[in-house]
Amino acid sequence: MSWEKDELVPLRALANPLRIRIVSLLTGASMSATEVARELDIAHASASYHLRQLADAGFLEQVDELPSPGGRGRPRRRYRYDPSSWLRMDRSTGRQLLHEALFTDLARRLEQARAQRTSMDAEVWLDRSVWEEVVGLIDQAVAMVHDKARPPRSGDSVKVSMTALLLEMGDDR
């Protein structure tokens with residue numbers, strides 16, 4: 001099943017650390033299953049399966065099909081991340097599964113990190129206007145990372161990881 005642009009995207013479809021990595025990878029470039037498999041060091045069949053699942057769920061869109069090498073067989077499908085999927089996210093189900101997958105992938109990223117550029121943790125009270133300004137700044141940073149993402153190992157690029165999680169907490173008094 002393919003998702004139409006106005007339908008909700010199932011959050012549960014991302015509840016797998018490998019799928020989170022695939023979506024992150026396809027932010028910078030459209031890629032085929034072969035390219036994803038090579039970049040993530042996984043089996044082609046696994047890459048193909050997860051790409052289809054993410055596309056069916058509405059996170060990826062199929063783009064320019066390339067002729068197969070030698071001109072034989074089916075053309076290679078290429079996929080890219082659909083940034084509008086986050087706007088259509090169905091946040092009613094699968095939230096805990098997604099958080100578990102995100103935490104698992106964050107642990108992998110922390111193990112691979114060569115340098116930590118910045119880190120911050122706080123549980124504080126802010127004026128509403130200050131909070132909204134912070135959220136806006138982080139939204140700008142997230143948009144910039146997605147807009148400026150490049151294909152793997154291109155030019156003078158550096159592999160980075162950005163995780164942003166802003167939580168408006170309940171008053172537990």
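The figures that follow rest on heavy atoms only: side chains count, while hydrogens, waters and symmetry mates do not.
- For Ser154 (side chain) and Pro151 (main-chain N/O), a donor-acceptor pair under 3.5 Å exists by modelled atom type.
- Electrostatic pairing of Glu39 and Arg21 does not count as a salt bridge here, judged by no charged N lying under 4.0 Å from a carboxylate O.
- Between Ser30 and Val63, the shortest heavy-atom distance links the atoms CB-CG2, 3.5 Å.
- Taking hydrophobic clusters as Ile, Leu, Val, Met, Phe, Trp and Tyr residues chained together by side-chain heavy-atom distances below 4.5 Å, Ile20 does not share a cluster with Leu165.
- Contact annotation: the side chain of Val36 approaches that of Leu51 to within less than 4.5 Å [non-hydrogen atoms, C-beta and beyond].
- Using a 4.5 Å cut-off between side-chain heavy atoms of Ile, Leu, Val, Met, Phe, Trp and Tyr, with links allowed through other members, Val135 and Val130 fall into the same hydrophobic cluster.
- Between Asn16 atom CG and Gln53 atom CD the span is 10.0 Å, to the nearest 0.5 Å.
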- Under the side-chain contact (heavy atoms from CB on, under 4.5 Å) criterion, do Tyr49 and Leu54 qualify, and how do the steps go? CA-CA 9 Å; Tyr49 171 77; Leu54 287 165; over 6 Å; no
- Task: In sequence, state the C-alpha distance, the side-chain angles, and the governing distance for Met31 and Arg80, and then conclude on side-chain contact (heavy atoms from CB on, under 4.5 Å).
- Result: CA-CA 7 Å; Met31 298 176 87; Arg80 74 172 169 220; over 6 Å; no
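- Interatomic distance, Leu102 CG to Thr163 OG1, rounded to the nearest 0.5 Å: 8.0 Å.
- Salt bridge Glu61/Arg78: absent, no basic N to carboxylate O contact under 4.0 Å.
- Sparse packing is recorded around CG of Asp41, with 12 or fewer heavy atoms of other residues, nucleotides or ligands lying under 6.0 Å away.
- Between His44 and Arg38 there is no side-chain heavy-atom pair separated by less than 4.5 Å.
- Looking only at side-chain heavy atoms (C-beta outward), Ile22 and Tyr79 stay at 4.5 Å or farther from each other.
- When all heavy atoms of Ala15 and Ala101 are compared, the closest pair comes out as C-CB, 3.7 Å.
- Closest non-hydrogen pair, Asp82 versus Ser85, comes out as O-OG, 2.8 Å.
- No path of Ile, Leu, Val, Met, Phe, Trp and Tyr side chains, each step under 4.5 Å between heavy atoms, connects Leu126 with Leu167, placing them in separate hydrophobic clusters.
- Met162 CE: more than 12 foreign heavy atoms inside a 6.0 Å radius.
- Looking only at atom types and distance, the side chain of Glu132 has no donor-acceptor partner in the side chain of Ser129 under 3.5 Å away.
- At least one donor-acceptor pair closer than 3.5 Å links the side chain of Thr27 to the backbone N or O of Val23.
- A donor-acceptor contact shorter than 3.5 Å is absent between the side chain of Arg19 and the backbone of His50.
- No continuous path of ILVMFWY side-chain contacts below 4.5 Å connects Met120 to Ile138, so the two sit in separate hydrophobic clusters.
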- Message: Could you walk me through whether Leu26 and Phe59 satisfy the side-chain contact (heavy atoms from CB on, under 4.5 Å) test, starting with their C-alpha distance in whole Å, then the side-chain angles of each, then the deciding distance to 0.1 Å, before giving a yes or no?
- Response: CA-CA 10 Å; Leu26 296 178; Phe59 287 102; over 6 Å; no
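- In this structure, the separation between CZ on Phe103 and CZ on Arg108 is 15.5 Å, given to the nearest 0.5 Å.
- Arg52 and Ser48 share a donor-acceptor pair across their side chains, judged by distance under 3.5 Å alone.
- No side-chain heavy atom of Trp131 sits under 4.5 Å from any side-chain heavy atom of Val124.
- Cluster membership check: Leu106 does not share its hydrophobic cluster with Leu25, using side-chain heavy-atom separations under 4.5 Å among Ile, Leu, Val, Met, Phe, Trp and Tyr.
- The minimum heavy-atom distance linking Thr104 with Pro17 is given by the pair CG2-CG, 3.6 Å.
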- Query: Do Ser24 and Arg109 pass the side chain to side chain donor-acceptor pair (under 3.5 Å) test, and can you show the C-alpha distance, the side-chain angles, and the key distance before you say yes or no?
  - Reply: CA-CA 12 Å; Ser24 293; Arg109 292 177 190 197; 3.3 Å; yes
